[in-house]
2 protein chains.
Amino acid sequence: MGAKTSREPLSRERTLAAAIALADTAGLKALTMRRLAADLGVEAMSLYYHLPGKEGLLDGLVETVINEINVEVKLAETTEDWRTGLRRRFLAAREIMLRHPWAPGLLSSRKTIPFGVYAYYDAIVGTLISGGFSHQVAHRALHAFGSLALGFAQEVFSPASAGGDTDVDAAEEDLSAMAEALPHLTAMMAAEAHDAADPTLGWCDSQVEFEFTIDLLLDGIARARG
Amino acid sequence: MGAKTSREPLSRERTLAAAIALADTAGLKALTMRRLAADLGVEAMSLYYHLPGKEGLLDGLVETVINEINVEVKLAETTEDWRTGLRRRFLAAREIMLRHPWAPGLLSSRKTIPFGVYAYYDAIVGTLISGGFSHQVAHRALHAFGSLALGFAQEVFSPASAGGDTDVDAAEEDLSAMAEALPHLTAMMAAEAHDAADPTLGWCDSQVEFEFTIDLLLDGIARARG
DNA sequence: ACCTGAACACCGTTCAAGT
DNA sequence: ACCTGAACACCGTTCAAGT
């Protein structure tokens, strides 16, 4: 956050690293050319020497994140069956995404998709094919996985994605006010809070739900393999 | 798009309707206070009399869309079993979303969720409970459905969501250039293009995939019902 | 080669003022 | 009650200029 007083000239990598750090700590909205430059101890216009503008910066961000995932995935490559291989892959992607909460929203709002994303999905198809799937079922599996393959789901209930203050208090206030108008949701929350054996987890632990959904999808396509 | 020369005073509804029309035709990015005001034949500052600023405008947009869905869903309410009921509900939501391609991205980037969304999910839980599901499985089913319940999926391959020019040409150029580096994806596309019996659909008809995924999820939770 | 200052065309928004 | 003009604090970006 403070101005790094470094003598070495700016570079694309150093700029991207600072941008990611800024987005991680202050959210995507805080990532402006002027503030990023200030963090780097430089004027805003200097950035244009290393990057082709704001859009190019954002492209660089998603490229960096998907590369992080691909590296992580490649490191752990072994001789697993298709199912545990995909499962491990999705969970690895999720770990990266949890480190960069702004990444899912940015990735899905981008209109050009970096090569690394295609490479990532290509490896998935390869895994499916060698697991005995037809191209057609592999195609449908890809769509069924959707963003879960990249480690994130559209969490409509509590979107911390969009960067900015996570307005938890307001959400809970709303929720308690809504309670009597929403009988089924209220009952569900009460029931879940009750038989939650593990006290360290919230009433809605998304890691458990994430893995449940993955297994449900993997079960489903295993059956569709035919 | 053109300046409507109407005498009646502005209202919140008329402003929202114009905003939706503007977003539908020109994309979310084109929806600025100044341009919206121009479309309404008024100065930008006039909007603040009817709406609490830009954020309030966006809140109003998602509220309007979710209400469209809830109305559509209520119209067709019958005595179906849980499964066909959910299926019809999700497809109805999808139809609305297809009319407002900017809505998925906006909804998932919002940090306050309108009441209508909770009401929508409450009805789903109600359907599940009366279908014999436990609260726990209903909860997990909700997470498994994710954004599909609201009619959209994270289409990482061709995101036309973000408003703005749909950069199809560039994407296809990239794709053909990538072809040899992505053997499995290339093979999949070739196979799918080959045995596509229906010539009116593209090689990647997302409606078919959407329904495939829904059925896969419904099969999965039906089995998890226990 | 690398960085800067001044300037431009846009944003959303405030606030006092018009009718 | 409803709308406006001028002004402010921000954006991203261009372009000629500095070293």
Side-chain angles (χ1 to χ4, degrees), chain A residues 1 3-20 22-23 26-62 102 105-106 109-112 162-165 167, chain B residues 1 3-20 22-23 26-62 102 105-106 109-112 162-165 167:
Chain A
M1 305 274 283
K4 318 281 193 309
T5 50
S6 58
R7 278 288 167 239
E8 59 199 332
L10 214 51
S11 68
R12 187 182 130 95
E13 289 97 50
R14 224 153 62 81
T15 307
L16 286 178
I20 289 182
L22 178 54
L28 247 196
K29 219 158 157 183
L31 176 59
T32 70
M33 298 299 271
R34 284 170 157 94
R35 173 148 179 200
L36 174 58
D39 278 13
L40 286 162
V42 99
E43 292 303 313
M45 306 77 205
S46 308
L47 301 177
Y48 287 80
Y49 190 82
H50 303 277
L51 285 164
K54 178 78 177 277
E55 292 299 301
L57 173 66
L58 296 180
D59 285 336
L61 287 190
V62 303
W102 44 268
L106 179 61
S109 73
R110 227 79 263 287
K111 67 180 171 226
T112 60
D165 1 66
D167 204 345
Chain B
M1 307 270 281
K4 319 280 193 310
T5 51
S6 58
R7 279 287 169 239
E8 60 199 329
L10 213 49
S11 68
R12 186 181 130 95
E13 290 95 50
R14 223 154 62 81
T15 307
L16 286 178
I20 288 181
L22 177 53
L28 248 197
K29 220 156 156 186
L31 176 60
T32 70
M33 299 298 271
R34 285 172 156 94
R35 172 147 179 201
L36 173 59
D39 278 13
L40 286 162
V42 97
E43 292 303 312
M45 307 77 204
S46 309
L47 302 177
Y48 288 79
Y49 190 82
H50 304 277
L51 284 164
K54 179 76 178 279
E55 292 299 301
L57 172 67
L58 295 180
D59 284 338
L61 286 190
V62 304
W102 44 269
L106 180 62
S109 73
R110 226 80 263 287
K111 68 181 172 227
T112 62
D165 1 66
D167 203 344

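Numbers restart at 1 for each chain; the letters A, B, ... are given by sequence-line order, proteins then strands. The figures that follow rest on heavy atoms only: side chains count, while hydrogens, waters and symmetry mates do not.
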Working to the nearest 0.5 Å, report the span between [atom1] of [X] and [atom2] of [Y].
| X | Y | atom1 | atom2 | value |
| --- | --- | --- | --- | --- |
| B:Met33 | B:Glu43 | CE | CD | 13.0 Å |
| A:Arg110 | A:Leu58 | CZ | CG | 4.5 Å |
| A:Leu22 | A:Leu40 | CG | CG | 9.0 Å |
| A:Leu61 | A:Trp102 | CG | CH2 | 4.5 Å |

Fill in the blank from the handout: Intra- and inter-strand pairing of DNA chain D, written as dot-bracket with Watson-Crick and G-U pairs under 3.5 Å and | for the latter, reads ||.|||||...|||||.||

Handout entry: Beyond-backbone contact of B:Leu47 with B:Leu57, side-chain heavy atoms, under 4.5 angstrom
Key = no

Practice task
Determine whether A:Thr15 and A:Arg12 make a side-chain contact, defined as any pair of heavy atoms from C-beta on separated by less than 4.5 Å.
Solution key: no

Practice task
Would you check if the side chain of A:Ser46 reaches a backbone N or O of A:Val42 as a donor-acceptor pair within less than 3.5 Å?
Solution key: no

Handout entry: Donor-acceptor under 3.5 Å (A:Ser109 side chain, A:Gly105 main chain)
Key = yes

Practice task
Determine the contact category for A:Met33: base if any of its heavy atoms lies under 4.0 Å from a base atom, sugar-phosphate if only primed atoms, P, OP1 or OP2 are that close, otherwise nothing.
Solution key: sugar-phosphate

Practice task
Looking at every strand, decide which applies to B:Thr32 at a 4.0 Å heavy-atom threshold: base, sugar-phosphate, or nothing.
Solution key: sugar-phosphate

Practice task
For DNA chain D, determine which residues of residues 49-60 of chain B have any heavy atom closer than 4.0 angstrom to one of its atoms, and list them numerically.
Solution key: B:Tyr49, B:His50

Completion exercise
So the contacted stretch of DNA chain C, first to last nucleotide with an atom under 4.0 Å from a non-hydrogen atom of chain B, runs from C:dC11 to C:dT14

Exercise for the section: Compare every heavy atom of A:Gly56 with every heavy atom of A:Leu51, then report the nearest pair and how far apart it is. Expected result: CD2-O, 4.4 Å

Problem - Contact nearer the 5' end of DNA chain C, comparing A:Leu47 with B:Tyr48 - result: A:Leu47

Exercise for the section: Output yes when B:Lys111 and B:Glu55 qualify as a salt bridge under the 4.0 Å nitrogen-oxygen rule, no when they do not. Expected result: no

